[in-house]
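Read the structure below first, then the notes.
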Amino acid sequence: MRTSQYLLSTLKETPASAEVISHQLMLRAGLVRNLASGLYTWLPTGLRVLKKVENIVREEIQRAGGNEILMPMVQPADLWQESGRLDDYGPELLRLKDRHQRDFILGPTHEEVVTKLVANELNSYKQLPLTVFQIQTKFRDEIRPRFGVMRGREFLMKDAYSFHLEDECLEKTYQIMFDAYCRIFERLELNFRPVIADTGSIGGEKSHEFHVLADSGEDDIAFSDASDFAANIEKAEALAPTGERGEPTQDIEKVALKLERLIKTSELDVKTTVKTLLVVGTTEEGEPEKIVALVLRGDHQLNEVKAENLAQIASPLTFATDEQVSAIANCHSTSLGPKGLTVEVIVDRSAAHLSDFVCGANENNHSFTGVNWQRDCGEINIQDIRNVVAGDPSPCGQGTIEIKRGIEVGHIFQLGRKYAEAMKCSVLNEGGKNQTLTMGCYGIGVSRIVAAAIEQNHDKYGIKWPKAIAPFQVAIVPMNMAKSARVKETAETLYESLLQAGVEVLFDDRKERPGVMFADHELMGTPLLVIIGERNLDAQQVELKNRITGEKSLIAIDDVMALFN
RNA sequence: CGGGGUAUAGCGCAGCUUGGUAGCGCGCGCGUCUGGGGGACGUGAGGUCGCAAGUUCGAAUCUUGCUACUCCGACCA
């Protein structure tokens, strides 16, 4: 490709709307342009990268036994009614009507369609196991699109689905996919970690997320410093403190200060206090709303996913209103404490291990000191409801927890029979009886990977693409070609040879000054520049510059082609 | 959806407080010089100041309403 024919579209200045580095560089290097919130046009350079990522994903999923298919993006709402997700999925699901007023949705994922397909196509256990996948545009009406293509509303996703008669077989395919995912991210040269994950709205039993480590990531990942253990903080278990809880040594005493003031004004260690949160509990139909108290050590944070997963607590997690708080405790939420509450009290393991602790007194601006669970608070339910923090013992039993930020680029699930049952997806088994299938599903955010790769590979000059996904392998940068017939001829000849050899080459044939060309190619992250100038032509040499290492070297013109064999 | 911010040329911004000829830098066109790191000089093109209504002799500027974008929280590949 010649730059004179190419939509280069680089920007010297950073657009004000871009916050994270990958978004800034994607705009500056001319990879994408914004159309509306969360919607992006891919320009030639961006599309080249996107296609390369897509192809690596495709190759590895095919190698893992996947059959590529393509399902419609527009799906009948009936299908989602059948699986029960039409109501469950919420406003993220974009709903639309056709000219006959029939209800449709824009596909955020394809469990329904694929399960229906397989239910129709497969009759016998002999056809199992089966894995199908597609690489296709998804639409999710995100509450807050941000960070460019990192969280767009429309995005390119690889979604694979596997079908099995028995769970053991699903386990095997799950492992094959897990390995395929590792190979994909290794080929992309990304610094990634598979982590134990919550299954979220897709549902199911076992799940791993694949995270690219980057400070701009939106998830917290908990790692062990001594083993392979890694989990999304949503799912990382906080172990109960070891040893026996201390015996009460103090009498309970009321202090005329709220907890917050007490911590600020005295030597009181926040780790000897507990905080109490009131949330909405689950109720049977017709019952009045129920409130549940959650108690955590003062320095710990509530893990909302863990709380939601408890049977007593309504999902999504909802905090009690000020009115509900005063109805139950006759005080502000800042003076709540577990002693004397009439609602169910769920206490985090660490809070439950305290003795002689300090808490709110359920009376405005008053606290208790010297409180003890058994003696003062009666029946409590002990659960793991907090976020792990750096320094906690790892739940795997080895080492301590470290926390890093990650970008979720892949997620694999063992779905089990949830969708197969709802969509009546079954085959005849060896005994000639109908048997419902069990399923796995495996997603990769293809467009998000492009942004994640930039987050991990850039410097002050621009993008430093991993080799496998650079938009061009090499750029030819002639010095003052307009004035030097020799430079022009050398550049043209080399360009033709590279094209012949099937090398992805960008020939910068613009009448630009060298600085402009260098800046553009460094911004775009082309891994190798071949610089052709009068200076070296007498010796029949050209200069090579490596974008990643910054190394420059001279090489004989005749040896350039050998670099690409 | 809640809470902030912004909207003036392709991009980055000033002007608005105190109403009166729409500006700067980059980019873009043309010309000359220059030619190994976003060069210089000259000369041009490009804007119904987000939209609508109001106040006023007069609105980018004041008032009201709307819309879009964006940042912080809940959702997720």
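Here is the naming used below: chain letters follow the sequence lines, and residue numbers restart at 1 for every chain.
A side-chain contact (heavy atoms from CB on, under 4.5 Å) with A/Ile105 is found for exactly one of A/Leu86, A/Leu96, A/Leu79, namely A/Leu86. Between A/Tyr6 and the options A/Thr45, A/Asp509, A/Asp508, a side chain to side chain donor-acceptor pair (under 3.5 Å) holds for only A/Thr45.
For B/C76, its base never sits under 3.5 Å from the side chain of A/Arg140 at any donor and acceptor pair. Counting atom types as modelled, A/Arg513 pairs a side-chain N or O with a base atom of B/G39 as donor and acceptor under 3.5 Å. Residue side chain A/Glu13 reaches the base of B/G25 through a donor-acceptor N/O pair under 3.5 Å, judged by distance alone.
Among the protein residues, A/Glu522 comes within range of the nucleic acid bases, having at least one heavy atom under 4.0 Å from a base atom. At a threshold of 4.0 angstrom between heavy atoms, the contacts of A/Arg28 include nucleobase atoms, whether or not backbone atoms are also involved. Residue-level contact check: A/Asp219 touches the bases, meaning some heavy atom is under 4.0 Å from a base atom. Using a 4.0 Å heavy-atom distance criterion, A/Ala16 is classed as a sugar-phosphate-only contact. Nucleic acid contact class of A/Gly533 (heavy atoms, under 4.0 Å, all strands): base. Counting non-hydrogen atoms under 4.0 angstrom, A/Glu543 reaches a base of the nucleic acid. Residue contacts for A/Gly148: at a heavy-atom cut-off of 4.0 Å it reaches no nucleic acid atom on any strand shown. Residue A/Met150 is in base contact, counting any heavy-atom pair closer than 4.0 Å across all strands shown. Among the atoms of the strands shown, none is found under 4.0 Å from any heavy atom of A/Asp141. Residue A/Gly515 is in sugar-phosphate contact alone, with no base atom involved, counting any heavy-atom pair closer than 4.0 Å across all strands shown.
At B/A77, none of the side-chain N or O atoms of A/Ser447 fall inside 4.0 Å of OP1 or OP2 (strictly under the cut-off).
A heavy-atom distance below 4.5 Å is found between the side chains of A/Arg183 and A/Arg63. A 4.5 Å side-chain heavy-atom check between A/Phe147 and A/Glu218 finds at least one atom pair inside the cut-off. A/Thr131 places a side-chain heavy atom less than 4.5 Å from the side chain of A/Met177.
Nucleotide B/C41: paired with B/G31 (Watson-Crick or G-U wobble, both distances less than 3.5 Å). In a base pair of the Watson-Crick type (N1 to N3 plus N6-O4 or O6-N4) or a G-U wobble (N1-O2 and O6-N3), with each distance short of 3.5 Å, B/G25 is matched with B/C11. Taking a pair to require two hydrogen-bonding distances under 3.5 Å in either a Watson-Crick or a G-U wobble arrangement, B/G54 pairs with B/C62. Pairing for B/U17 is absent, judged as Watson-Crick or G-U wobble with the two contacts each under 3.5 Å. Within the shown strands, B/C72 is the pairing partner of B/G2 under the Watson-Crick or G-U definition, both distances less than 3.5 Å. For B/A77, there is no paired nucleotide, since no Watson-Crick or G-U wobble pair has both relevant distances below 3.5 Å.
Of the candidate nucleotides B/U70, B/G38, B/A74, B/A74 has the atom nearest to the side chain of A/Glu304. Which of B/G38, B/A77, B/G36 sits closest to the side chain of A/Asp520 comes down to B/G38. Of all nucleotides listed (B/C71, B/A77, B/A74), B/A77 comes nearest to the side chain of A/Phe413. Minimum atom distance to the side chain of A/Arg144 is reached by B/C72, of the listed B/C26, B/C72, B/A77. Of the candidate nucleotides B/U70, B/C76, B/C11, B/U70 has the atom nearest to the side chain of A/Tyr40. Minimum atom distance to the side chain of A/Glu512 is reached by B/C28, of the listed B/G27, B/G36, B/C28. When each of B/G35, B/G27, B/C76 is scored by its nearest atom to the side-chain atoms of A/Lys12, the top-ranked nucleotide is B/G27. Looking at the side chain of A/Lys545, the nearest of the listed nucleotides B/C1, B/C76, B/G37 is B/G37. Closest to the side chain of A/Arg146, from the set B/A77, B/G39, B/G73, is B/G73. With distances taken from any side-chain atom of A/Ala36 to the nucleotides B/C75, B/G27, B/C69, the minimum falls on B/C69.
Rounded to an integer number of Å, the gap from A/Phe147 CZ to B/A77 C1' is 15 Å. For the pair A/Asn232 CG and B/C75 P, the computed distance is 11 Å after rounding to whole Å. B/C76 atom P lies 17 Å from atom CG of A/Leu94, rounded to whole Å. Atom pair A/Asp88:CG and B/C76:P shows a separation of 12 Å (rounding to whole Å applied). To the nearest angstrom, P of B/C11 lies 14 Å from CG of A/Leu43. One can place NE2 of A/His521 at 14 Å from C1' of B/G36, the figure rounded to the nearest angstrom. B/A74 atom P lies 13 Å from atom CD of A/Glu142, rounded to whole Å. Atom P of nucleotide B/G36 and atom CD of A/Gln541 are separated by 18 Å, given to the nearest angstrom.
Positionally, the nearest nucleotide of RNA chain B for A/Val20 lies more toward the 5' end than for the other of A/Val20 and A/Leu156. Taking the nucleotide of RNA chain B with the nearest heavy atom to each of A/Ile143 and A/Tyr461, the more 5' of the two is matched to A/Tyr461.
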- request: Could you walk me through whether A/Phe178 and A/Tyr442 pass the ring pair (Phe, Tyr, Trp, His ring centres under 6.0 Å) test, one step at a time?
  value: CA-CA 9 Å; A/Phe178 186 101; A/Tyr442 319 89; over 10 Å; no
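Ring geometry for A/Tyr40 versus A/His23: interplanar angle over 60°, hence perpendicular rather than tilted (30 to 60°). Between A/Phe185 and A/Tyr181, the ring planes are perpendicular. Angles over 60° get that label, and only those under 30° would be called parallel.
Rounded to a whole angstrom, the distance from the P atom of B/G46 to that of B/U55 is 34 Å.
With centroids closer than 5.5 Å and planes inclined by less than 30 degrees as the test, A/Phe518 and the base of B/G38 fail to qualify as a stacked pair.
Figure legend: cation-pi geometry between A/Lys404 and A/Phe223, with NZ or CZ positioned under 6.0 Å from the six-membered ring centre and within 45° of its axis.
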